[in-house]
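In what follows, residues are counted from 1 in the order of the sequence shown.
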Amino acid sequence: MRDLSAELLTWYDVHARDMPWRVPPADRKAGILPDPYAVWMSEVMLQQTTVAAVRDYHRKFMGLWPSVVDLAAAEDADVMAAWAGLGYYARARNLLKCARAVVADHNSTFPDDYKTLLTLPGIGPYTAAAIASIAFDQPETVVDGNVERVMARLHDIHDPLPGSKPVLTERAAALTPSERPGDYAQAVMDLGATICTPRSPACGICPWRDPCAARQAGTATELPKKTPKKKTPTRHGIAYVARREDGAWLLETRPETGLLGGMLGWPGSEWNAEPEAAPPLSAAWMPLNEEARHTFTHFHLRLKIMTATVPVDTKPARGSFIAQADFSPAALPTAMRKVYDLAAMTLRDD
């Protein structure tokens, strides 16, 4: 099995993807390892998000906060605003908690071993293994969705996920080499992302095409099998969008806990089957004909939008007005920006 690792590394030396946080194979062979801070940030951003979506965010964050010390000293609101649009906002809160823990408890240096990395906020088994392997060349087994798919096909494993994850992890561990484990971890993920893709895998150019049991059996496109998901429920809510006559927008910071925690948003209701909420101020509220719709991991959200234009001296019961010059829709999480996109057409300047 170790021969397979060597074959994959040979392929990776030629076909490695270019990533902002990655050190090319030739440089790693020369002893150059990546910045652990950059690797950690990439792994947090990549949780449940695609590489295509993460590239620009990673560059932006590294430009704003080039070191873990810089990030630890950042204002929470600034980090949350920079994260807006990337989704899964608990990751941004954990990003700050972890950076501050590294500075306070580890002398501003990321730990280089799996067990210590696991003690940091927001770092679970996968992320700890990825950082230890990619940033420090430790022989940890890194298993993401790409690796699960590759292992299921390589060994023609038909037991469905998530139940088959332990077996797939064992198979991945058997292939993890002691030399160049960081490059190998990235190679398997690249293989899954570019060749052993979910649909229409390019088996003809795969470096593991000959030993691949699923290719031989003709079952590659069926794998990995997954336990059927439950039907995604729909929740409803109300969003109140008020604009003052001077152009300022009424916004509030959402509670730290829960979905979109700590992010700017429109005052509104809880998200449930029958939402109710008192308006944040007295006004002639008008409903929009369209709802804002957004899908989270576990439910669909449909927001009824109420709009109003109010005098400059209006005092809200909830939230505060942000001047037009200080307001950026890009700082809103995606669900709230969808509300803005619909409401702004009604409340635009004359």
Side-chain angles (χ1 to χ4, degrees), residues 2-47 49-72 95 98-99 101-103 105-118 120 122-123 125-144 146-147 150 172-173 175-195 207:
R2 299 290 174 170
D3 290 340
L4 293 182
S5 303
E7 290 174 6
L8 187 62
L9 282 167
T10 299
W11 171 84
Y12 179 74
D13 288 342
V14 177
H15 300 284
R17 290 182 293 174
D18 180 27
M19 308 284 197
W21 52 87
R22 180 178 283 181
V23 171
D27 292 341
R28 286 185 69 111
K29 286 180 180 179
I32 301 172
L33 292 178
D35 177 4
Y37 170 65
V39 172
W40 160 72
M41 184 175 293
S42 73
E43 290 300 331
V44 174
M45 288 182 170
L46 284 166
Q47 293 167 12
T49 308
T50 65
V51 169
V54 164
R55 288 179 187 271
D56 289 343
Y57 277 91
H58 191 275
R59 291 190 182 97
K60 176 170 69 174
F61 267 69
M62 293 300 293
L64 291 170
W65 303 290
S67 73
V68 69
V69 174
D70 297 319
L71 182 61
L95 199 77
C98 185
V102 169
V103 170
D105 303 331
H106 298 278
N107 197 29
S108 304
T109 301
F110 272 89
D112 62 0
D113 66 285
Y114 175 83
K115 289 184 178 180
T116 308
L117 285 165
L118 273 179
L120 294 172
I123 294 184
Y126 165 78
T127 304
I131 296 169
S133 175
I134 297 169
F136 299 107
D137 233 12
Q138 300 294 326
E140 299 292 343
T141 303
V142 183
V143 181
D144 68 351
N146 285 311
V147 178
V150 170
L175 283 167
T176 301
S178 57
E179 294 185 11
R180 300 182 65 192
D183 275 348
Y184 172 77
Q186 295 173 102
V188 184
M189 290 188 281
D190 277 13
L191 184 69
T194 63
I195 289 181

I'd like a table of donor-acceptor pairs (distance under 3.5 Å, sequence neighbours excluded) in which one partner is a side-chain atom from residues 129-140, with atom names and distances.
unit_1, atom_1, unit_2, atom_2, d
S133, OG, P181, O, 3.2
D137, OD1, R28, NH2, 3.0
D137, OD1, G182, N, 2.9

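- Under the side-chain contact (heavy atoms from CB on, under 4.5 Å) criterion, T49 pairs with A53, V54, L86, Y88, R91, not counting sequence neighbours.
- Listed by chain and residue number, nothing satisfies the side-chain hydrogen bond (donor to acceptor under 3.5 Å, both in side chains) test with D144 (two or more places apart in sequence, or in another chain).
- Contacts of H106 classified as ring-ring contact (aromatic ring centres under 6.0 Å, His included), with partners at least two apart in sequence or in another chain: none.
- Remark: R59 pairs with D56 by the salt bridge (Lys or Arg N to Asp or Glu O under 4.0 Å) rule, at least two apart or across chains.
- With sequence neighbours excluded, the residues that form a side-chain hydrogen bond (donor to acceptor under 3.5 Å, both in side chains) with D113 are T116.
- The side-chain contact (heavy atoms from CB on, under 4.5 Å) search around A172 returns T141, V143, V147, M151, not counting sequence neighbours.
- Every residue two or more places apart in sequence or in another chain that forms a salt bridge (Lys or Arg N to Asp or Glu O under 4.0 Å) with K29 is listed here: D13.
- Residues that satisfy the side-chain hydrogen bond (donor to acceptor under 3.5 Å, both in side chains) test with T127, not counting sequence neighbours, are Q47.
- Listed by chain and residue number, nothing satisfies the side-chain hydrogen bond (donor to acceptor under 3.5 Å, both in side chains) test with T10 (two or more places apart in sequence, or in another chain).
- In this structure A101 satisfies the side-chain contact (heavy atoms from CB on, under 4.5 Å) test together with D105, L120, P121, sequence neighbours excluded.
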Can you give the donor-acceptor pairs under 3.5 Å from side chains of residues 39-46 to other protein atoms, not counting sequence neighbours?
unit_1, atom_1, unit_2, atom_2, d
S42, OG, V39, O, 2.7
E43, OE1, Y126, OH, 3.1

